[in-house]
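Report on the structure given below.
Below, each value reflects all heavy atoms present in this structure, side chains not excepted, and no hydrogens, waters or symmetry copies. Just so it is clear, the structure is predicted and the values come from calculations on it, not from any experiment. Order of the sequence lines sets the chain letters (A, B, ...), proteins ahead of strands, with each chain counted from 1.
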Number of protein chains: 2
Amino acid sequence: MKISTKVEYGLIALTDIAMNSEQGTAVSASEIAQRQHISQKYLEQILMLLKQAGFVRAQKGLKGGYSLAKPTASVKLSEVLNALDNSILADTYTPEDAQNEGLRPTVNACLWGRINLYLRELTTNITLETFLEQCRESAEQSWDYYNI
Amino acid sequence: MKISTKVEYGLIALTDIAMNSEQGTAVSASEIAQRQHISQKYLEQILMLLKQAGFVRAQKGLKGGYSLAKPTASVKLSEVLNALDNSILADTYTPEDAQNEGLRPTVNACLWGRINLYLRELTTNITLETFLEQCRESAEQSWDYYNI
DNA sequence: ATAATCTCTATTTATTTAGTAGGATATATA
DNA sequence: TATATATCCTACTAAATAAATAGAGATTAT
């Protein structure tokens with residue numbers, strides 16, 4: 001499944017903020033950009049999406065930056081993805097589709113609709129909390145892998 | 001999830017062939033194009049993919065066309081999708097990704113990899129046979145819906 | 001004051017998608 | 001064998017989308 005950089009960077013940024021603002025300090029866009037090798041200006045646009053959707057709060061000025069606006073357990077991955085790209089979990093259903101005399105509506109209903117439902121269920125059941133836990137486990141595993 | 005017309009039309013075409021070549025007669029591209037309202041020239045390119053991947057066989061010349069090359073129960077949806085667009089079920093993993101010092105490899109492994117695995121499992125368990133059955137059920141349902 | 005930070009909008013560039021187009025090749029049938 | 005009807009193959013193009021780049025404005029801790 002092809003993921004746009006916007007969605008990928010957005011999730012990386014959210015993860016970076018979660019991991020690096022634990023002491024109550026905000027994480028600036030420039031920090032994230034440097035750490036994750038992402039264009040800062042592009043990242044700023046993406047961070048605005050995360051802020052508008054209520055996942056992070058922003059603090060302007062010196063020592064400002066972004067911090068989490070909610071407890072990680074209440075952040076559903078499906079909602080984060082929707083905030084970054086509202087087509088990623090959506091059915092691409094058009095009004096003309098419904099009037100199509102061919103197989104298009106049927107295939108849409110039977111297959112793509114079913115796949116999207118599946119994806120929504122999957123991503124609804126992943127929270128930022130569980131995701132961060134998996135990231136830590138994954139990091140440990142690759143550490144072991146290279147050192148044993 | 002955004003599906004390209006190439007993939008969508010490919011699946012529609014395969015379904016059309018399955019439904020309309022039962023008497024051993026081949027289905028021509030022009031027939032499919034008319035029935036499904038798809039550009040014939042574009043469709044021809046897509047049918048070539050399905051042929052190259054071994055899902056349909058082609059018969060040139062007068063009264064020619066396409067017919068299924070395998071029993072429907074042995075056609076896995078995952079394989080059809082891969083034939084039409086090999087990125088749709090794939091991890092978008094690049095060599096640079098592995099060397100990235102940031103969170104990118106971790107997020108790739110923990111999230112996109114997991115989602116793709118999920119999608120592959122789902123689509124591997126759908127065969128053309130089961131899909132056709134669902135299409136028929138769906139058609140009956142909408143029939144009922146509008147007539148009762 | 002000022003330097004650092006987010007905010008907002010416009011523009012540009014690169015890539016992908018969704019076709020269009022034209023002709024070559026093969027073949028059933030009259 | 002002539003012909004109409006198919007598939008096969010490749011090149012090209014227009015439109016949409018993705019991925020930034022750029023610049024200026026607003027805010028705020030120090």
Side-chain angles (χ1 to χ4, degrees), chain A residues 1-13 16-17 20-21 24-34 36-53 55-67 69 84-88 90 92 94 96 104, chain B residues 1-13 17 20-21 24-34 36-67 69 84-88 90 92 94 96 104:
Chain A
M1 184 178 177
K2 210 168 53 181
I3 300 295
S4 66
T5 59
K6 188 166 68 172
V7 171
E8 192 179 358
Y9 294 169
L11 200 66
I12 288 173
D16 185 292
I17 293 166
N20 294 289
S21 67
T25 64
V27 181
S28 72
S30 70
E31 277 182 77
I32 302 173
Q34 283 195 330
Q36 307 299 338
H37 311 105
I38 298 173
S39 147
Q40 179 178 337
K41 278 303 207 178
Y42 189 27
L43 184 61
E44 286 174 357
Q45 297 174 26
I46 295 169
L47 286 164
M48 274 201 290
L49 297 174
L50 291 175
K51 186 200 166 194
Q52 283 161 11
F55 298 113
V56 300
R57 63 169 66 88
Q59 171 65 41
K60 285 186 183 179
L62 200 59
K63 302 263 184 184
Y66 300 88
S67 51
L84 294 167
D85 174 1
N86 62 14
S87 80
I88 194 167
T92 53
T94 66
E96 310 98 62
R104 199 165 187 170
Chain B
M1 183 179 176
K2 210 169 51 180
I3 300 295
S4 65
T5 58
K6 187 166 69 170
V7 172
E8 193 179 358
Y9 294 169
L11 200 65
I12 288 173
I17 293 166
N20 293 288
S21 66
T25 64
V27 181
S28 71
S30 70
E31 277 183 77
I32 302 172
Q34 283 196 329
Q36 306 300 336
H37 310 105
I38 299 173
S39 146
Q40 179 177 337
K41 279 302 210 179
Y42 189 28
L43 184 62
E44 286 174 2
Q45 297 174 23
I46 296 169
L47 286 164
M48 275 201 290
L49 298 174
L50 291 175
K51 186 203 166 190
Q52 282 161 12
F55 298 113
V56 300
R57 65 168 67 89
Q59 170 66 42
K60 286 187 182 178
L62 198 61
K63 303 264 183 182
Y66 300 87
S67 51
L84 294 167
D85 174 0
N86 62 14
S87 81
I88 195 168
T92 53
T94 67
E96 310 98 63
R104 200 165 187 171

### Task
State whether B:Lys2 places a side-chain N or O below 4.0 Å from either non-bridging phosphate oxygen (OP1 or OP2) of D:dA18.
yes

### Query
Could you give the distance from OH (A:Tyr9) to CD1 (A:Ile32), rounded to the nearest 0.5 Å?
13.5 Å

### Task
Select base, sugar-phosphate, or nothing to describe what B:Gln59 touches, counting heavy atoms under 4.0 Å on all strands.
sugar-phosphate

### Query
With a non-hydrogen cut-off below 4.0 angstrom, is B:Ala26 in contact with a base, only sugar-phosphate, or nothing?
nothing

### Task
Using whole Å, report how far NZ of A:Lys6 lies from P of D:dA20.
12 Å

### Query
For D:dA19, does OP1 or OP2 lie under 4.0 Å from any side-chain N or O of A:Thr5?
yes

### Task
Between B:Lys41 and B:Ser87, name the one whose nearest nucleotide on DNA chain C is closer to the 5' end.
B:Ser87

### Query
How about A:Ile88 and A:Ile3: do any of their side-chain heavy atoms sit closer than 4.5 Å?
yes

### Task
Hey, which sits more toward the 5' end of DNA chain D by its nearest nucleotide, B:Ala58 or A:Val7?
B:Ala58

### Query
What residue pairs, at least two apart or across chains, pass salt bridge (Lys or Arg N to Asp or Glu O under 4.0 Å) with a residue in residues 49-63 of chain B?
none

### Task
Please determine if a side-chain N or O atom of A:Tyr9 lies less than 4.0 Å away from the OP1 or OP2 oxygen of D:dA20.
yes

### Query
So does B:Tyr66 get a side-chain nitrogen or oxygen closer than 4.0 Å to the phosphate oxygens (OP1/OP2) of D:dC8?
yes

## Note on the structure
Here the distance between atom C1' of D:dA19 and atom CG of A:Asp85, to the nearest Å, is 13 Å

### Query
Once you round it to whole Å, what is the distance between P of D:dA18 and CD1 of A:Ile46?
12 Å

### Message
Less than 4.5 Å apart, side chain to side chain, heavy atoms only: is that true for A:Thr5 and A:Tyr42?
### Response
yes

### Task
Output yes when at least one side-chain N/O atom of B:Lys51 is less than 4.0 Å from OP1 or OP2 of D:dC8, else no.
yes

### Message
In whole Å, I'd like the distance from the OH atom of A:Tyr42 to the C1' atom of C:dA14.
### Response
12 Å

### Task
Just compare D:dA6, C:dA18, D:dC9 and give me whichever is closest to any side-chain atom of B:Ser4.
C:dA18

### Task
Write down the distance between CD (B:Gln40) and P (D:dT5), rounded to a whole number of angstrom.
12 Å

## Note on the structure
DNA chain D nearest-nucleotide lookup for A:Ser39 and A:Lys60: closer to the 5′ end is A:Ser39

### Query
Tell me: CD of A:Glu44 to P of D:dA22, nearest whole Å?
13 Å

### Task
Take A:Leu43 and A:Gln36, measure what side chain to side chain contact (heavy atoms under 4.5 Å, CB included) needs, and give me the verdict at the end.
CA-CA 10 Å; A:Leu43 184 61; A:Gln36 307 299 338; over 6 Å; no

### Message
Nearest whole Å is fine: how far is D:dA22 P from A:Leu43 CG?
### Response
17 Å

### Query
Which whole-number value in Å describes the distance from B:Glu31 CD to D:dT5 P?
13 Å

### Query
Could a donor-acceptor pair under 3.5 angstrom be found where the side chain of A:Gln45 meets the base of D:dT21?
yes

